[in-house]
Q: 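Before I ask anything, here is the structure I am working with.
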Amino acid sequence: MSDQPDRMQPIFVCGATAVGKTSSALALAAELDGEIVNGDGYQIYRGIEIISAAPSEDEKSLFPHHLFGVLEPGQHCDAMRYAEMAAPVIAGIQGRGKVPIVVGGSGLYLKFLTHGASPLPQGNAAMRAQLDARPLDDLLAELEKLDPKEAAQVARQNRRYVSRSLEICLLTGEKVSELRDGWERKTKELEAKLKGFWLIRTRPDLHHRIEQRTRHMLSEGAIEEVERLQEIHGNWEKAIGVPEIRRHLAGEISLQECEELIRAATRQYAKRQETWFRREHWLQRVELA
RNA sequence: GGCCCGAUAGCUCAGUUGGUAGAGCAGCGGAUUGAAAAUUCGCGUGUCCUUGGUUCGAAUCCGAGUCGGGCCA
């Protein structure tokens with residue numbers, strides 16, 4: 001009977017940017033009588049629809065869409081917050097007898113949704129500001145003292161990770177290595193129940209689509225989006241395209257250079273996404289023509 | 001037509017007094033549990049434009065040629 005999954009079981013549509021997740025999700029929604037749930041960490045913000053390549057109003061009008069543009073650009077989001085927002089939305093869809101179709105490329109966000117989280121404190125902005133001001137060696141030395149095991153296994157050159165580990169130790173007074181230990185124990189049984197697809201395309205084709213998307217973005221208002229949100233600080237500023245467009249607006253680079261930089265950053269991001277989803281063995285691999 | 005400068009990795013270029021070459025970017029591979037479109041680690045054989053020559057040995061020196069760029073006519 002586990003081979004007979006509940007018809008309301010959520011379906012995940014994953015893959016690199018520009019592979020065609022949005023249209024695949026719409027096709028699935030039509031076929032399964034589904035509703036679409038955002039699984040993208042940037043389409044969740046209002047005001048950067050063009051930069052984040054969010055579905056258009058026309059596309060959204062075809063089926064109910066959830067969690068698109070629900071946060072202000074100044075608001076903070078992280079993987080846990082996303083998972084906490086998405087879970088009730090999915091439950092609501094199931095309650096209506098529809099199939100939730102979660103579509104997105106933010107691997108970590110989806111991972112928290114599908115696999116749950118370790119009992120760790122959320123990021124603390126004040127503490128991070130303090131840690132960011134200290135040299136990496138200093139952070140490593142303190143981590144070594146508080147949690148030698150973690151200090152030995154953390155990626156020592158990755159300031160972000162070192163800082164996060166230390167942050168957890170300082171915030172809880174406990175050892176990260178113990179708090180984080182074991183969250184993946186149930187992975188196997190859990191994944192047996194999950195259903196999802198990992199969409200891929202050949203590299204040359206994906207790169208071509210990225211070129212087209214980038215051009216379209218820039219001609220359809222991405223620059224205006226960045227100008228409009230100029231004063232607002234937050235996660236959204238890290239979206240691919242934002243730093244590049246700002247450099248262009250500052251007169252540092254031409255529009256053409258800006259476009260090429262965005263393309264390259266997008267290709268690199270797509271590659272990282274492929275690396276991520278390649279490891280998610282529960283996802284069924286689908287090659288798009 | 002004459003003279004000068006350049007030609008080395010996909011791109012921009014470095015290469016000391018001759019000992020068969022290396023940076024940045026791009027690309028490729030990896031990591032990833034509350035910043036993740038973030039952050040981070042690893043990967044460099046290429047007709048050194050072609051062709052003659054000098055030399056034990058030429059990306060490097062000399063001659064000729066080809067293609068760029070510039071100056072003078």
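Throughout, protein chains are lettered first and strands after them, A, B, ... in sequence-line order, and every chain is numbered starting at 1. As the structure is a computational prediction, the values presented were derived from the model and not from experiment.
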Q: Identify whether any heavy atom of Gly116(A) sits under 4.0 Å from a base atom; if not, whether one sits that close to sugar-phosphate; answer base, sugar-phosphate or nothing.
A: base
Q: Give me the residues of residues 266-274 of chain A where at least one heavy atom lies under 4.0 Å from an atom of RNA chain B, by number, or none.
A: Arg267(A), Gln268(A), Tyr269(A), Lys271(A), Arg272(A)
Q: By side chain to side chain contact (heavy atoms under 4.5 Å, CB included), which residues pair with Glu174(A), not counting sequence neighbours?
A: Thr172(A), Leu179(A)
Q: With rounding to the closest Å, how many angstrom separate the C1' atoms on C48(B) and U20(B)?
A: 10 Å
Q: With nearest nucleotides of RNA chain B determined for Pro121(A) and Tyr42(A) from heavy-atom distances, which residue corresponds to the more 5′ nucleotide?
A: Pro121(A)
Q: With Asp132(A), which residues qualify under side chain to side chain donor-acceptor pair (under 3.5 Å), at least two apart?
A: none
Q: Hey, can you pull the residues of residues 137-148 of chain A with a non-hydrogen atom under 4.0 angstrom from RNA chain B?
A: none
Q: Suppose we screen for ring pair (Phe, Tyr, Trp, His ring centres under 6.0 Å). Which residues come up paired with Phe112(A), at least two apart in sequence or across chains?
A: none
Q: Which residue pairs pass the ring-ring contact (aromatic ring centres under 6.0 Å, His included) test when at least one of the two sits in residues 199-256 of chain A, sequence neighbours left out?
A: none
Q: Does Ser52(A) place a side-chain N or O at less than 4.0 Å from the phosphate oxygens OP1/OP2 of A37(B)?
A: no
Q: Other hydrophobic cluster members with Leu136(A), side-chain heavy atoms of Ile/Leu/Val/Met/Phe/Trp/Tyr under 4.5 Å, chained?
A: Met127(A), Leu131(A), Leu139(A), Leu140(A), Leu143(A), Leu146(A), Val154(A), Tyr161(A), Val162(A), Leu166(A), Leu170(A), Leu171(A)
Q: What does Tyr161(A) touch in the nucleic acid at a heavy-atom separation under 4.0 angstrom: a base, only the sugar-phosphate, or nothing?
A: base
Q: For Arg164(A) and A38(B), is the shortest distance between a side-chain N/O and OP1 or OP2 below 4.0 Å?
A: no
Q: Once you apply a heavy-atom cut-off of 4.0 Å, does Arg180(A) come out as touching a base, just sugar-phosphate, or nothing?
A: sugar-phosphate
Q: Map every base of RNA chain B to its dot-bracket character, where paired means a Watson-Crick or G-U wobble contact with both distances under 3.5 Å and | marks a partner outside the strand.
A: (((((((..((((.....[..)))).(((((.......))))).....(((((..]....)))))))))))).
Q: Phosphate oxygens OP1/OP2 of A36(B): is one of them under 4.0 Å from a side-chain N or O of Asn235(A)?
A: yes
Q: Would you mind telling me which residue lines up with the more 5' stretch of RNA chain B, Arg159(A) or Gly123(A), judged by nearest nucleotide?
A: Gly123(A)
Q: Output yes when at least one side-chain N/O atom of His76(A) is less than 4.0 Å from OP1 or OP2 of A38(B), else no.
A: no
Q: So, using salt bridge (charged side-chain N to carboxylate O under 4.0 Å, His left out) as the criterion, who are the partners of Glu231(A) when residues are at least two apart?
A: none
Q: With a 4.0 Å cut-off, would you call Glu35(A) and Arg96(A) a salt bridge?
A: yes
Q: Please list all pairs passing the ring-ring contact (aromatic ring centres under 6.0 Å, His included) test where one or both residues lie in residues 67-97 of chain A, with sequence neighbours left out.
A: His65(A)-Phe68(A), Tyr82(A)-Tyr109(A)
Q: Looking at every strand, decide which applies to Gln157(A) at a 4.0 Å heavy-atom threshold: base, sugar-phosphate, or nothing.
A: sugar-phosphate
Q: If the P atom of A58(B) is compared with that of G2(B), how far apart are they to the nearest Å?
A: 32 Å
Q: Mind running a 4.0 Å heavy-atom check of residues 216-233 of chain A against RNA chain B and sending the residues that fall below it, in number order?
A: none
Q: According to side chain to side chain donor-acceptor pair (under 3.5 Å), who are the partners of Asn124(A), at least two apart in sequence or on a separate chain?
A: none
